Amino acid sequence: MQFANLTLGWMLSLAQSRLGVGPLVQSKLDATTAAPTPHTAFTLPPLDYSYAALEPHFDEETMRIHHTKHHQTYITNLNAALQGTPFVGLHIDDLVARLSEVPAELSGKVRNQGGGHANHSFFWKNLTPNATALAEGSPLHKGIEQAFGSFEVFQQTFEKAATSVFGSGWAWLVVQEDGELKVVTTLNQFSPLMGAGVVGKGVAGFPVIGLDVWEHAYYLKYRNVRPEYIKAYWHVVNWDFASDRYMEARSSIAHPEL
């Protein structure tokens, strides 16, 4: 499957359009002489389900700690780092997608704390207690078959990638700049949205699904057996959300002006 003219600008416009934040906000970054903008603090997004809803696959205690402690800490630290800067008011996906524009003294904090907020905000949406199999014949299923040969091979590829992350990080299914679906991994809180200049050309893309493989995401239930946690993920993947993401990518590529 080939789609032309997939760019970082396309990924950024997708993030903006799906979240209703309007056109690009380059003027905010360029207007260094503009009047200060009141700080718009990031807040912890609510889950669409209870902490216990993903049992027995993801346990209630881990979900509660993961959301209210780990995710909240990224938000608290990010708010402190951005106070008084021209980057306030940007949506989190816009912020991490423009990491290359952030001054060196802030880039590490935005990458780590902002990446943590962006990745976790996506992670909660890509989980559901009402998981069903991805419909055969759906556009995403067809795209996966074309990219990997079969859905089963895709799952094996994703599991191998997620298992192989050394230390902490993420496994993703992304739509890349050439329009192809690919399984990629990032370390720590790097996001594929950060672009080729940050994560590498072979990793950058628009996330369709993503799995947190930091130990804090699974250790209370699965201890050090990460592969069991990865297999449990298939029982809670929100394929409706993933399919919507994939269709947004297809639509944007087919109509680059959107």
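FYI, side chains are in, hydrogens and waters are out, and symmetry mates aren't considered; it's all heavy atoms of this structure. What you are looking at is a predicted structure, and each value in this text was computed from that prediction instead of being measured.
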Visitor: Does a sphere of radius 6.0 Å around NZ in Lys109 hold more than 12 heavy atoms from other residues, nucleotides or ligands, not counting ones at 6.0 Å or beyond?
Guide: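 Atom NZ in Lys109 is not packed in, count stays at 12 or less.
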Visitor: Salt bridge check: are Lys231 and Glu159 linked by an N-O gap of less than 4.0 Å?
Guide: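 The answer is yes: the pair qualifies as a salt bridge.
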Visitor: Take Tyr222 and Asp59, measure what side-chain hydrogen bond (donor to acceptor under 3.5 Å, both in side chains) needs, and give me the verdict at the end.
Guide: CA-CA 10 Å; Tyr222 294 100; Asp59 64 283; over 6 Å; no
Visitor: Only one of Val237, Leu140, Asp240 clears side chain to side chain contact (heavy atoms under 4.5 Å, CB included) with Leu134; which?
Guide: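 Only one of Val237, Leu140, Asp240 forms a side chain to side chain contact (heavy atoms under 4.5 Å, CB included) with Leu134, namely Leu140.
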Visitor: What pairs with Phe122 under ring-ring contact (aromatic ring centres under 6.0 Å, His included), at least two apart in sequence or on another chain?
Guide: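 Scan of Phe122 (ring-ring contact (aromatic ring centres under 6.0 Å, His included), adjacent residues dropped) gives Trp172, Phe241.
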Visitor: For residues Leu211 and Leu187: do they belong to one hydrophobic cluster (side chain heavy atoms under 4.5 Å, members Ile, Leu, Val, Met, Phe, Trp, Tyr)?
Guide: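 Same cluster: Leu211 reaches Leu187 through Ile, Leu, Val, Met, Phe, Trp or Tyr contacts under 4.5 Å.
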Visitor: Could you walk me through whether Gln72 and Thr76 pass side-chain hydrogen bond (donor to acceptor under 3.5 Å, both in side chains), step by step?
Guide: CA-CA 6 Å; Gln72 180 62 64; Thr76 300; 3.2 Å; yes
Visitor: If you take all heavy atoms of Leu181 and Phe148, which pair is closest and at what distance?
Guide: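 Taking Leu181 first and Phe148 second, the nearest heavy atoms are O-CZ, 4.2 Å.
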Visitor: Does any N or O in the side chain of Asp178 come within less than 3.5 Å of the main-chain N or O of Glu180, such that one atom is a donor and the other an acceptor?
Guide: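 It does hold such a pair.
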Visitor: Are Glu101 and Arg98 ion-paired here, with the side-chain N under 4.0 Å from a carboxylate O?
Guide: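 Result for this pair is yes, salt bridge flagged.
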Visitor: Pick one: which of Leu99, Val96, Leu193 meets side chain to side chain contact (heavy atoms under 4.5 Å, CB included) with Val198?
Guide: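 Answer to the side chain to side chain contact (heavy atoms under 4.5 Å, CB included) test with Val198 among Leu99, Val96, Leu193: Leu99.
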Visitor: Give a yes or no on whether the backbone of Gly210 and the side-chain of Tyr233 come within a donor-acceptor separation of less than 3.5 Å.
Guide: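 Side chain of Tyr233 to backbone of Gly210, a donor-acceptor pair under 3.5 Å: yes, one is there.
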Visitor: Just by modelled atom types, is the Glu60 backbone N or O under 3.5 Å from a matching donor or acceptor in the Arg64 side chain?
Guide: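 Checked: no pair found.
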Visitor: Short question: side chain of Ser251, backbone of Glu248 - any donor-acceptor pair under 3.5 Å?
Guide: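 Flag not set: sc Ser251 to bb Glu248 has no pair under 3.5 Å.
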Visitor: Listed by chain and number, what are the ring-ring contact (aromatic ring centres under 6.0 Å, His included) partners of Phe123, not counting sequence neighbours?
Guide: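 Here the qualifying residues are His66, Trp170.
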Visitor: Give a yes or no on whether the ring-centroid distance for Tyr246 and Phe206 is below 6.0 angstrom.
Guide: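 So the answer is no for these two rings.
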Visitor: By ring-ring contact (aromatic ring centres under 6.0 Å, His included), which residues pair with His141, not counting sequence neighbours?
Guide: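 Result, ring-ring contact (aromatic ring centres under 6.0 Å, His included) vs His141: Phe151.
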Visitor: Could you label the plane-to-plane angle of the Phe42 and His117 rings as parallel, tilted or perpendicular, counting under 30° as parallel and over 60° as perpendicular?
Guide: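 The arrangement is perpendicular - the two ring planes meet at more than 60°.
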Visitor: When Tyr74 is tested against each of His120, Gln113, Gln189 for side chain to side chain donor-acceptor pair (under 3.5 Å), which residue passes?
Guide: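 Among His120, Gln113, Gln189, the one that satisfies the side chain to side chain donor-acceptor pair (under 3.5 Å) with Tyr74 is Gln189.
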